[in-house]
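Structure first, commentary second.
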2 protein chains.
Amino acid sequence: MRDVARAAGVSISTVANVLNNPAVVADATRTRVEEAMAAVGFVRSGPARQLRGLPSRLVGSVTLDQANPFYAELNRGIEDRLDEAGCLVLACSTDIQPDKELRILRLLEEQSPRGIIVTPTGENLEQFEAIARRGTPVVLLDAPRGALDLCAVAVDHVAGGRLAGEHLLGLGHRHIAFVSATWDVPPVRDRLEGLRRALGEAGAQMPVEVRMDQGDLYRGTEEAVLALLALDPSPSAVVCLNDVAALALVRALERRGLRVPADVSVVGYDDVPFAAHVQPALTTVRRPIRNLGRIAAELLLAESTPTHHHEEQVFRPKLVSRATTAPPSSLHSAASGRRPR
Amino acid sequence: MRDVARAAGVSISTVANVLNNPAVVADATRTRVEEAMAAVGFVRSGPARQLRGLPSRLVGSVTLDQANPFYAELNRGIEDRLDEAGCLVLACSTDIQPDKELRILRLLEEQSPRGIIVTPTGENLEQFEAIARRGTPVVLLDAPRGALDLCAVAVDHVAGGRLAGEHLLGLGHRHIAFVSATWDVPPVRDRLEGLRRALGEAGAQMPVEVRMDQGDLYRGTEEAVLALLALDPSPSAVVCLNDVAALALVRALERRGLRVPADVSVVGYDDVPFAAHVQPALTTVRRPIRNLGRIAAELLLAESTPTHHHEEQVFRPKLVSRATTAPPSSLHSAASGRRPR
DNA sequence: ATGAAAGCGCTAACAC
DNA sequence: GTGTTAGCGCTTTCAT
């Protein structure tokens with residue numbers, strides 16, 4: 001700004017005025033200053049403005065893994081809304097490691113961003129309240145607000161799990177397994193809980209949980225399939241924690257000679273973009289991914305309005321029936337205690 | 001820092017010393033200051049540090065669309081390398097709109113980030129040199145360095161297109177189409193160019209280009225398939241600009257009763273994570289996506305070393321032969337001028 | 001309509 | 001070992 005002022009032969013505050021209050025500046029002066037800005041290649045300093053207390057244009061988005069199709073899509077929703085407000089997304093992945101999450105949150109907080117949208121890795125949600133108290137608004141994603149003094153956008157995963165269960169029950173399945181991951185996270189536990197409730201209320205057998213190592217998608221799914229087949233009675237259907245796992249599982253099942261859905265039904269979760277385009281197309285529990293992101297960004301932006309009250313938006317997922325589910329094979333329904341080979 | 005100093009009964013510079021030069025501070029004082037920091041809930045101000053000229057911890061990543069599996073994966077590679085250096089990624093999408101790209105670049109530059117990694121939407125690469133001249137290092141991704149005074153990580157897409165062509169020629173295909181998008185971007189043009197060269201050298205018929213509207217994946221692919229079928233001779237194989245398009249095309253082909261690869265072969269591009277897991281698994285031209293991101297981040301970080309020289313890293317893609325390609329059906333090879341119904 | 005001056009939170013060079 | 005001070009680029013109040 002000093003350079004611009006000198007080049008235009010005016011004071012620094014006049015330059016400031018053409019920037020922040022152009023109406024107050026004489027037309028001739030303004031033009032001169034604008035030309036000077038172009039000539040000098042002037043770029044306003046965000047950090048300096050922030051130091052003066054103006055709102056930051058940065059928003060943190062902390063997800064479990066931005067490469068995962070679900071979070072990639074979510075971040076895009078966040079970006080779209082923030083872009084409308086002239087803000088930028090800081091995309092971070094925790095890999096479900098609480099210490100990495102902590103480190104990232106600290107780093108983010110140091111940038112004094114406009115706020116942070118976070119998908120927590122664990123149960124310890126107080127740390128987010130602490131961040132908010134220190135002055136950086138936090139909105140929780142995929143975590144219930146509970147008693148917290150924060151905004152949240154949540155999905156009723158218990159209802160989602162129930163939806164998956166009821167769909168399979170309706171098709172006649174009685175032995176249903178749940179494939180989870182080696183790590184644990186409340187949204188996944190809730191899906192299993194919902195499935196449990198659906199099966200319990202129908203008097204069906206409780207779901208067996210098989211954990212799949214997603215670190216090595218290939219070996220992990222092979223082992224999960226073996227574990228599934230080793231069950232007695234072997235399940236006629238399996239609900240997966242998400243679509244990525246479901247797709248991998250379908251392939252592993254097929255490699256072992258089992259047909260989906262003829263021999264085993266599979267239901268995914270999320271309805272990520274590829275779910276409708278794989279073969280067979282995934283039956284899945286849909287949540288409006290991009291919109292989740294938009295709403296989270298919306299709540300975050302609203303935090304800076306004077307009359308703001310914290311708010312929770314809860315989404316109810318829907319079942320999308322496609323081609324990976326069907327009634328159980330005669331083998332399963334005729335002799336449910338028998339294991340097909 | 002003032003609050004911390006007061007709480008610890010020391011001066012501000014002592015607080016600064018425990019932060020930046022802890023060795024020089026007496027143990028007792030240091031502990032006292034550290035306790036005060038915890039009590040006050042002290043968070044260092046990034047903006048203030050930057051104002052003092054210290055390196056920023058922010059790096060911009062400007063891609064065509066961060067929700068696209070290719071860029072999601074790329075950003076993860078960038079994030080992984082930056083994380084090691086304590087830096088954060090600002091993930092932006094241009095949607096291939098030059099004006100949006102310009103706006104985002106400006107916004108990014110205002111944050112005075114450590115640098116910007118950009119996948120350009122167009123041919124006008126001088127703007128990036130201008131940004132670099134103004135002090136924000138830029139590394140080009142998926143664009144050739146050319147005569148530019150910038151770092152770049154590029155992929156030899158001409159070689160990639162050629163690979164796809166040679167693979168299909170080797171299987172016996174002579175009539176090959178190329179599916180591009182409604183927009184144009186140099187990396188895609190290069191793939192077509194490579195394909196052209198391969199076919200030309202083999203004396204095969206030049207590829208026909210069919211543009212697919214990716215805005216509406218469903219209708220876009222339907223129309224693309226119709227256009228493909230309307231060709232005379234109808235192609236026995238098609239090369240797609242990327243894996244997302246390839247997957248959609250395979251599905252649309254199947255909906256029209258054509259089998260892949262029995263009736264038509266399809267080759268994708270990129271080898272995104274799902275490519276190996278769809279059915280039939282995509283034959284594709286692979287580039288090391290995550291690594292591309294890592295290297296780009298690496299080059300960017302290296303810009304701040306004193307002895308830095310701009311550098312270009314060129315990657316040569318590889319063909320991954322999977323299940324969407326096979327020799328042409330007898331129909332095609334017997335009567336190449338005839339169109340199957 | 002334009003300019004002078006203070007201060008945001010921090011760092012670094014220097015004095016004590 | 002600890003404190004004093006100047007200044008990074010900007011905004012804003014107040015004077016002219």
Side-chain angles (χ1 to χ4, degrees), chain A residues 1-37 40-58 86 106-114 134-136 304, chain B residues 1-37 40-58 86 106-114 134-136 304:
Chain A
M1 265 171 74
R2 191 172 14 85
D3 297 349
V4 174
R6 194 177 317 152
V10 297
S11 79
I12 291 192
S13 11
T14 299
V15 178
N17 272 334
V18 346
L19 249 21
N20 305 319
N21 213 355
V24 89
V25 124
D27 279 17
T29 320
R30 202 183 46 234
T31 334
R32 199 147 35 87
V33 170
E34 278 161 354
E35 282 164 7
M37 294 203 295
V40 173
F42 173 71
V43 178
R44 233 161 150 160
S45 160
R49 311 187 80 216
Q50 273 180 245
L51 205 52
R52 282 289 324 202
L54 283 99
S56 165
R57 292 181 169 288
L58 270 25
R106 243 191 244 311
L107 209 51
L108 273 177
E109 203 182 349
E110 289 185 359
Q111 316 306 315
S112 43
R114 176 81 160 263
R134 271 180 243 130
T136 304
S304 23
Chain B
M1 263 170 77
R2 192 170 16 84
D3 297 348
V4 175
R6 193 176 317 150
V10 297
S11 79
I12 291 191
S13 14
T14 300
V15 177
N17 273 334
V18 346
L19 248 22
N20 306 319
N21 213 355
V24 89
V25 162
D27 280 16
T29 319
R30 200 182 50 233
T31 335
R32 201 147 33 90
V33 171
E34 278 161 354
E35 282 164 6
M37 295 204 295
V40 173
F42 173 73
V43 178
R44 233 161 150 162
S45 160
R49 313 187 79 215
Q50 273 179 246
L51 204 53
R52 282 291 329 211
L54 284 98
S56 165
R57 293 180 166 289
L58 269 26
R106 242 189 243 314
L107 209 51
L108 272 178
E109 202 182 350
E110 289 186 0
Q111 315 307 314
S112 42
R114 175 83 162 263
R134 271 180 244 129
T136 304
S304 22

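By convention in this document, chain letters (A, B, ...) are assigned in the order of the sequence lines, proteins followed by strands, and residues within each chain are numbered from 1.
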Winner on side-chain proximity to B/T29, out of D/dC10, C/dA12, D/dG1, is D/dG1
Regarding the side chain of A/F42, the nearest nucleotide among D/dG3, C/dT11, D/dC10 is D/dC10
Protein-nucleotide distance ([X], atom [atom1]; [N], atom [atom2]), rounded to Å:
X: A/M37; N: D/dG9; atom1: CE; atom2: P; result: 17 Å
X: B/Q111; N: D/dC10; atom1: CD; atom2: P; result: 13 Å
X: A/Q50; N: C/dC10; atom1: CD; atom2: C1'; result: 14 Å
X: A/I12; N: D/dG7; atom1: CD1; atom2: P; result: 14 Å
X: A/R30; N: C/dT2; atom1: CZ; atom2: P; result: 10 Å
X: A/N17; N: C/dA1; atom1: CG; atom2: C1'; result: 9 Å
X: A/L19; N: C/dT2; atom1: CG; atom2: C1'; result: 16 Å
X: B/D3; N: C/dG9; atom1: CG; atom2: P; result: 9 Å

Distance col, row A/E109:CD vs A/T136:OG1, nearest 0.5 angstrom, shows 5.0 Å
OG (B/S45) and CD (A/Q50) are apart, to the nearest 0.5 Å, by 8.0 Å
Side-chain-base donor-acceptor pair under 3.5 Å for A/R2 and D/dG9
no
NA contact type, [X], heavy-atom cut-off 4.0 Å: base, sugar-phosphate, or nothing?
X: A/S13; value: base
X: A/R49; value: sugar-phosphate
X: B/A26; value: sugar-phosphate

Any [X] side-chain N or O less than 4.0 Å from OP1/OP2 of [N]:
X: A/S11; N: C/dG3; answer: yes
X: B/R44; N: C/dT11; answer: yes
X: B/S45; N: C/dC8; answer: no

Self-check item: Over 12 non-hydrogen atoms of neighbours within 6.0 angstrom of CZ in B/R106
Solution: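 Atom CZ in B/R106 is not packed in, count stays at 12 or less.
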### Whether B/R32 side chain and B/A8 backbone form a donor-acceptor pair below 3.5 Å
yes
Taking all heavy atoms of B/R57 and all of A/Q111, pick out the closest pair and write down the distance.
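Closest approach of B/R57 to A/Q111: CD-NE2, 4.1 Å.
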Comparing B/L51 with B/V24, nearest DNA chain D nucleotide closer to 5' gives the residue B/V24
